Structures are given as C-alpha cells and as structure tokens.
Amino acid sequence: MPLLLACRNRVTALLIALMIIAIPAGSAALGQQATPQATPDTTEQLAAVLPEWHDELLAVMDTVSATYEIDAEVRLPGDGNPIPNITGTMTMEYTNTTGDPLTELPFRLYANAFDDLGDLLRVGVVTVDGADVTSNQLDDSSTVYVPFSEPLAPEDSATIGMSFVSAVPVNARQNYGIFNIDPSNGTWALAHWYPMLAGWDPGRGWVLDPPSANGDPIFSTTATYDVTLRTPADWRAVTSGVEVESTDIDAGIERRFVSGPSRDFTMVLDDDFEVAERDVNGTTISSWYNPGQERTGEAVFDYIAQALEYFNDLIGPYPYTTLDVVPVELFGAAGVEFPQLFYMSAGYYGPNQNLDVPNNLDFTVAHEVLHMWWYFMVGNNQYDHAFTDEGITQFMSATLYFSAVYGPEVGEIMTERHLTNPFRSNIGGGNDQIVDTPTDDFASSGGYVFAAYTKAPVGFMAIYDEIGEEAFNEAVTNYFYDNWFTVASTDDLQEAFEEASGQDLEEIWSHRFEEAAGEDDI
Ligand SMILES: [Zn+2]
C-alpha cells in the first residue's frame, strides 16, 4: 500500500478524483487474437535473479500457478487513434493450484474500477487452449470471468489468451495517480495496465472485492512475466523485472523483459529520464529522475543503497538483479511500492528538498524499499489485513532503520515524529481504531491511515520491546523464509514472533491489533 501523506491531502485527492472525466477506451485491435507461443524456458527468467539465488527461486517458479507472456505496444494519439493507449495480447499458462475443479477463472481489470465509464481496460478476443470463448464481465467492470468448457481439475493446466486495449488517462488522480499520464513531464505511470489473474488468498479463495478506496487496490499472487514492449525509439522504460533484449524496429524500439517470481509487472515510461545507477550487494539500483532533478535523484540512490544493505543484512536477501525508483506525480501518497520498482512522489524532486539528517525523503525511501520484503516477496491480503505489511514496514523503517544507520538519537526523533507523537494525539483526539479491520470498513480514510501507519507500528514496537532485538530479528527472518512468494496470514506473523521468543503473545497481539483500547498505552 502506498505510504500516505496527511489525511487532509488524501481527502483533497478524493474530491479531485470525483471531478475527473474518464476517457473512453479505443477499440482498435481488440479483435486481435493472442498468438499461442511456445512456453519459454523458465531458466530465461533467471536473468532477473542474482546467481547465488538461482536454485531457490527456480524452485519457487516451478510452483507458480501463472506464467504471463505479454506482447504490447504503446500507441500515441494520431493516425486514427484518438487517445493514448497500450494495445496488446496476453498468453497465460495457468495451473489449477486451488485444490478444487474450476469452471471459470477470474481476472481483474483494476483500471476500470476508478473510471466513471468503467472501460479504460477492455478485453477483446479470449481463448482457452486456442479456442474462442465468451468471457463474462461483471457489472462493476473490474472483474472478468473466463469459462472452461470442461472443469479444470486440480493440477491441470490451460492456456488463456486475451487481447486487450488499455486506455491510459491523462492527468487522472484516481488511486493516487498510479495509472496516469502526467502531461507536465510526459511520464506514463503504468500500474495495473493489463488483465491480471485475480489474487488467491489461501485463507479466503479468490479475492474479488471492489478495489480498495482507502489503500492499495491491487492484490495478486506470485507469477512470472515475460513482456515484449514496443515504444517510440527514444523512450526509457523503467519496469519490474530486467530487460533482456532490445531491437530497433521501424516504429521505434522493441524491448523484452523477464521478472523472475513476481506479483505484478509495473512500468513507467518517459522520453527524457536520467538515471543514477550502481550496484549494491549485486543488485543494480537505478534511481531515475527528470532533467534538473539530479540532487534528489542522487540522494534517493544513496538512501536506497543504505536501506537495501541494512534490510538484506537484518531480514534476508533481496535476490533480484535490479531495483528501480521513479518520480511520479502522486496524489495523496508519498510513495507506492510494486515488485522490483517503486514510485516516489514527484514533490520530493524540487530544488529545495530537505536532505538534512533525518529527513522524510529518506524515511519514505526506506519504507518503500522494505516493502520489497513485506508485500512483494512475503505477500499478504492487503485489503483484509493491511497492518501486516504497512504496520511492520512503518515500525522497521522509522525506528530500526534510522537507529541503525544514524544512531539511537536519530532513531528516537523519527520514532516520535512518525509513531509515538501521532499515536498520542490520535488517541487523545478520540480516533482510536481496531487495527485488524478490512481497509474500506474504516469509517474514514483517516481512521485507516491511523490504524495502518501509526497504531499498528506502535503495536509492533511493543512486541519488539517485549521480546527483545534478537528474538525480533530472528522472527522476521523466519517469517521471510517461511512465507516468501506466498500469501502469509496474520497467524503466520504472530507465530513467528512467538516461536522466536518462546513467549505467548496472544494478549499483546489482541490488545494492540484487535481492540480499541489505545488509551491504556499512552
Ligand atoms: Zn507502505
């Protein structure tokens, strides 16, 4: 979920979002049929993975239920094409890992949920094992079902083909602006730009909720991606995964990317990005920025480098060859995480950005880097239990990261600024919340923000104080290795702390996360 700015900004963003007029999707090329292709060798995906982790992640990729092959083209307005869009075909090899026969398979078209007309992302020809089928799109337009003529038995596989056109809105502020063309600098921010297999939560089944209004809308499970993308020649493409091929073509440039095990494939396109790029622990960190923004771009690079080293050492490895960060005009969010990539609010890239120690740019970077562990590698149902990724991420970045990197006094300053002071003022102001509440069940976005980003991290701090540094560090390492590339439950996290410490933590857990009794803690 995004690291949110103050609630006031969030409300403003929502009000502005209501005023956005949707752009109708183009329909050209929807009749195009996905071309069945030979299933690529899984070992090709290893380009995204550090050599010392090839064996472990190859084993992970052997168990994923979906492999995506996407062939897509950026289409600019003109030549009979009225609006900017991405036109493509997707071919997915799906293996039924649900344990039950399936008569249909749900896909999410998240872009449609926040668009007045509900048709930014249109699906055209749909095939199953090469035969045309009629898909069934639900009224809310963000879910489409692909039927099987015969039920797909557990562990059986099918090949789903889908053509799609994804109209990219201009200056759209829905969902913090994560899917948007920013006309001021030409940046295309492309979250959820393709039809995604619905996420599978082993505790709940398919997650088909309306996309969250308060938090991150996307929930997805680990897959692999092989993406071919055509853009104008001079465009940069910053993506999840790593570029493995690049070919000049008549109309521009064609690039191919692979992701390794990944929950999503997000892209940001721009024609004049510059980059600060170096290796840390074998991973190439790329901090992208617009011309004239190198001061923040370089600082972001330094903060990523120290955060990546610290969390690699504390938790376990970030096993990928690349990690990218890009400035994006965000509405109501300071940063938003995706696999192997995160957005930073473009507001940080001004010439007067505060870079004194400690500063909030550093804090946001550390928070988003830590999401590579909590959200990306260890998944969780962010809609039902947002606190298990946001809360622990907020505590570990505000308190542990700043204490370790800059010393305990600086750690105390950031703990007070981001955790204990807002905790006291919210409780004192009568805004206590039950932390473990589904995101949109909070009465207000302010209640959600307090629960996930303030009360939950204060709760994890109480657990840290109760069990001590050694047990806490052992718990997060075990939680990481035991749950990577799966969807972890709240019990998995609680048990990790209990097993590492040898303590029964039920009382502290329920008090901090399942009750509204925060006045006991100030
Ligand atoms: Zn976050």
Side-chain angles (χ1 to χ4, degrees), residues 1-7 9-10 13 175-178 189 191 211-220 240 263-264 266 300 303-304 307-308 310-311 315 318 323 325-326 328 330-345 347-348 360-402 414-415 417-419 422 435-440 442 445-461 476 480 488 490 493 513:
M1 228 156 297
L3 179 54
L4 300 174
L5 297 174
C7 312
N9 295 342
R10 179 84 183 91
N175 262 129
Y176 317 101
I178 62 176
S212 169
N214 285 333
D216 185 353
I218 305 167
F219 174 72
S220 52
S240 302
R263 277 174 211 284
D264 200 346
T266 305
V300 166
Y303 299 150
I304 295 178
L308 193 67
Y310 174 64
F311 294 127
I315 305 167
Y318 176 80
L323 177 60
V325 58
V326 279
V328 167
L330 296 174
F331 302 96
V336 185
E337 70 280 14
F338 300 98
Q340 308 160 30
L341 164 71
F342 59 93
Y343 296 177
M344 287 292 289
S345 169
Y348 283 122
N360 291 343
L361 172 65
D362 193 354
F363 170 60
T364 301
V365 168
H367 178 109
E368 303 304 340
V369 168
L370 187 49
H371 270 310
M372 297 305 134
W373 282 262
W374 317 137
Y375 145 73
F376 165 29
M377 286 189 279
V378 178
N380 62 304
N381 185 327
Q382 307 121 281
Y383 182 84
D384 282 347
H385 310 290
F387 80 105
T388 52
D389 65 304
E390 291 304 339
I392 197 167
T393 294
Q394 189 83 331
F395 164 61
M396 292 180 69
S397 48
T399 303
L400 301 187
Y401 165 80
F402 277 95
M414 294 305 264
T415 300
R417 184 186 298 175
H418 293 284
L419 306 186
V435 164
D436 193 3
T437 300
T439 299
D440 288 349
F442 289 96
S445 64
Y448 162 70
V449 170
F450 170 67
Y453 296 89
T454 301
K455 187 176 176 183
V458 168
F460 285 111
M461 183 160 50
V476 294
F480 171 60
T490 56
L493 184 53
F513 303 135

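A quick note: this is a predicted structure, and the numbers were derived from the prediction, not measured. When reading the values below, keep in mind they use all heavy atoms of this one structure, side chains included, and skip hydrogens, waters and symmetry mates. FYI, the numbering just counts along the sequence from 1. Both counts, for ligands and for their atoms, begin at 1 and track the order of listing.
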Verify the distance criterion only: is there a donor paired with an acceptor across the side chains of N380 and T388 at less than 3.5 Å? yes
Geometry at the Zn ion (ligand 1) - H371 NE2 versus H367 NE2 angle, rounded to 10 degrees: 100°
P438 backbone acceptor or donor facing D384 side chain under 3.5 Å: no
May I ask you to check whether F219 and Y383 place their ring centers less than 6.0 Å from one another? no
Restricting to N, O or S atoms, which atom of E390 is closest to the Zn ion (ligand 1)? OE1
Any luck finding a side-chain donor-acceptor pair between Q394 and H418 under 3.5 Å? no
Would D389 count as a contact for the Zn ion (ligand 1), in the sense that one of its N, O or S atoms lies under 2.8 Å from it? no
